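Okay, structure first, notes after.
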Amino acid sequence: TYPERLNCVVRLLDERIAQGWGGRPCLFSLTEAWTYGELAERVNRIASVLVGRLGMVPGNRVLLRGANTPMMVAAYLAVMKAGGIAVATMPLLRAGELVLPIEKAEVALALCDHRLMEELETARHSAPRLARIVSFGSADAELERMMADAPPDFAACDTAQDDVCLLGFTSGTTGGPKATMHFHRDVMAIADTYGRHVLRATAEDRFIGSPPLAFTFGLGGLVIFPLAVGASTVLLERVGPDDLLEAIARFRATVLFTAPTAYRALLARRAPDALRSLRRCVSAGEHLPLATFTAWTEVTGIPLMDGIGATEMLHIFIGSPPDRIRPGSTGQPVPGFQAKIVDDEGRDCPPGTPGNLVVRGPTGCRYLDDPRQTRYVRDGWNWTGDTYVADADGYFWYQARSDDMIVSAGYNIAGPEVERALMTHPAVAECAVIGTPDPDRGMVVTAFVVAAPGITTGDALVRSLQDHVKAQIAPYKYPRRIEFLDELPKTPSGKLQRVALRRRYGT
Ligand code: 3SK
């Protein structure tokens, strides 16, 4: 339970300063090192700018666009401290993909890394309600210039525990992205549930990882959990396996948050010495195969902590602490959350019977103004879209996605969105996109394409289609496999048979 008046930034940051921890290390990047005190001062200056110069009032939604940097963390916390609502979108989104979040969240103000301005400026032509974009991320960016004149103190907005402070967007297979609303108390709840009971980090820990701060997996793992225990965190803008490996060794990181694809890539570097400082390794965002768990555990001596979370629930809701891991299973529900398996009518399935994974808990699930609320939340249970089996001991075992979402290297990608992008290429007559198994990325986006009459298929067309998709939508969504077919498999009534396509890959 939390007090009626609650501002999560007061809890996570101001109370640390009051405790006398201002001089302790807080945020690192490859070029910067901020103490708790320095973060608190930047948060206050940004909050002063938001309210005093940019006219933000409590409840306003502020779009945040940036890579994982200390300034991005400061911007998040400043919006929430001032009573605003942080609206996070993946930094790689293209202009066309930014319009819906801006419109849906009714965003009039954005703080944007100066290197990502172009797509946002373009998006604004189709989203005129976005009245003001303020750049940040360099000494002469607009936000930094205003911060220089702003007061270093700021009295936090007196928010209620159930005031919304964060809108997280999650991809939908039909009907486009949905915005999930989270309260100030939800931010504390993930620290008090997963953080306290499963992760069990301490002030001496140093966090590191790859998920973007715009994804709540990254926000929790790299900001909320470390701040909640007074630890420090390393923020990386480039998170390829070599970048990650080098940074783990350089900063002697102890807690790693990333997806199975990255764990496999780190193992492939064959540099166990670089991983020696780690003591907690959390894997989520996609299914963790037993082979990856085993290989990681053998090489590092640290059991890989699998977990499943959702933007709807803010963070991980099933996942076991190191001493209770059952290899191959995702784990048990995080204390504070309940999970169960139900059939398509919502009736409980007995242990051992596969069915739909549903969850409920303190943090979700509330969609912003979305008719899909009643489809995905029934009787208070959030339908996750995953098929699982529970065993008699309450461990949950992943089987498959129940919908058409493709989970690749930790990214959720909606096949229909890739299909729409491909269909705008003049060489495509018809197409269908599914996920197919891949040893490195778990699944890869695979497109089956019927070429337009007279078009020559081959490698050049594959490259052209891939480049075309990367230019339309976030590049991580492009189809890594493309197969050309004379026709797509259809039912007699003309409906696409995705099952027949999946069968080609044995799934
Ligand atoms: O498992 C996930 O995909 C996830 C989503 C949102 C937040 C946290 C996690 C682990």
Side-chain angles (χ1 to χ4, degrees), residues 68 76 86 88-90 166-173 177-182 186-187 189-191 193-195 197-199 207 209-226 228 255-263 280-289 292-293 304-321 329-334 336-337 339 357-359 361-367 376 382-388 396-403 405-414 435 441-443 476:
N68 289 9
Y76 248 115
T89 56
M90 292 292 209
L166 175 68
L167 286 182
F169 276 86
T170 171
S171 17
T173 45
K178 307 181 279 296
T180 65
M181 299 188 284
H182 291 291
D186 298 347
V187 172
I190 64 167
T193 54
Y194 184 80
H197 298 287
V198 182
L199 187 62
F207 288 61
S210 64
L213 298 183
F215 179 23
T216 59
F217 181 34
L219 183 67
L222 300 174
V223 179
I224 298 170
F225 299 144
V255 180
L256 173 59
F257 273 78
T258 190
T261 298
Y263 282 106
R280 290 274 190 273
C281 300
V282 177
S283 170
E286 60 180 290
H287 168 57
L288 174 67
T292 309
F293 171 89
L304 198 41
M305 296 168 68
D306 194 9
I308 177 172
T311 305
E312 282 83 346
M313 307 305 288
L314 193 53
H315 216 269
I316 294 177
F317 53 83
I318 293 178
S320 295
S329 147
T330 307
Q332 292 179 303
V334 170
F337 290 84
L357 174 67
V358 298
V359 57
T363 50
C365 152
R366 320 159 196 112
Y367 293 117
Y376 290 108
N382 176 216
W383 288 54
T384 61
D386 292 287
T387 303
Y388 263 78
F396 286 77
W397 302 76
Y398 177 79
Q399 308 293 300
R401 279 295 297 178
S402 340
D403 58 17
M405 189 66 73
I406 303 164
V407 187
S408 180
Y411 289 109
N412 283 358
I413 301 162
R441 305 178 72 83
M443 301 284 266
Y476 61 82

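The shown structure was predicted, so the numbers you read here are calculated from the model rather than taken from an experiment. Numbers here simply count residues along the sequence, with the first being 1. Remember, it's 1-based here, ligands and their atoms both numbered in the order they're listed.
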* **For Thr292, all residues meeting side-chain hydrogen bond (donor to acceptor under 3.5 Å, both in side chains), sequence neighbours excluded** => Arg264

* How long is the gap from CE on Met305 to CG on Leu288, to the nearest 0.5 Å? -> 12.0 Å

* Heavy-atom donor-acceptor pair, Arg401 side chain to Val407 backbone, under 3.5 Å -> no

* Residues which pass salt bridge (charged side-chain N to carboxylate O under 4.0 Å, His left out) with Arg441, listed by chain and number, not counting sequence neighbours -> none

* Aromatic centroids of Tyr194 and Phe337 separated by under 6.0 Å -> no

* **With Thr330 via side-chain hydrogen bond (donor to acceptor under 3.5 Å, both in side chains) - residues at least two apart** => Tyr388

At less than 3.5 Å, what protein N or O atoms come close to the N or O atoms of ligand 1? Include the distances to 0.1 Å.
{"residue": "ligand 1", "atom": "1 (O)", "partner": "Gly285", "partner atom": "N", "Å": "3.4"}
{"residue": "ligand 1", "atom": "1 (O)", "partner": "Gly309", "partner atom": "N", "Å": "2.9"}
{"residue": "ligand 1", "atom": "1 (O)", "partner": "Gly309", "partner atom": "O", "Å": "3.2"}

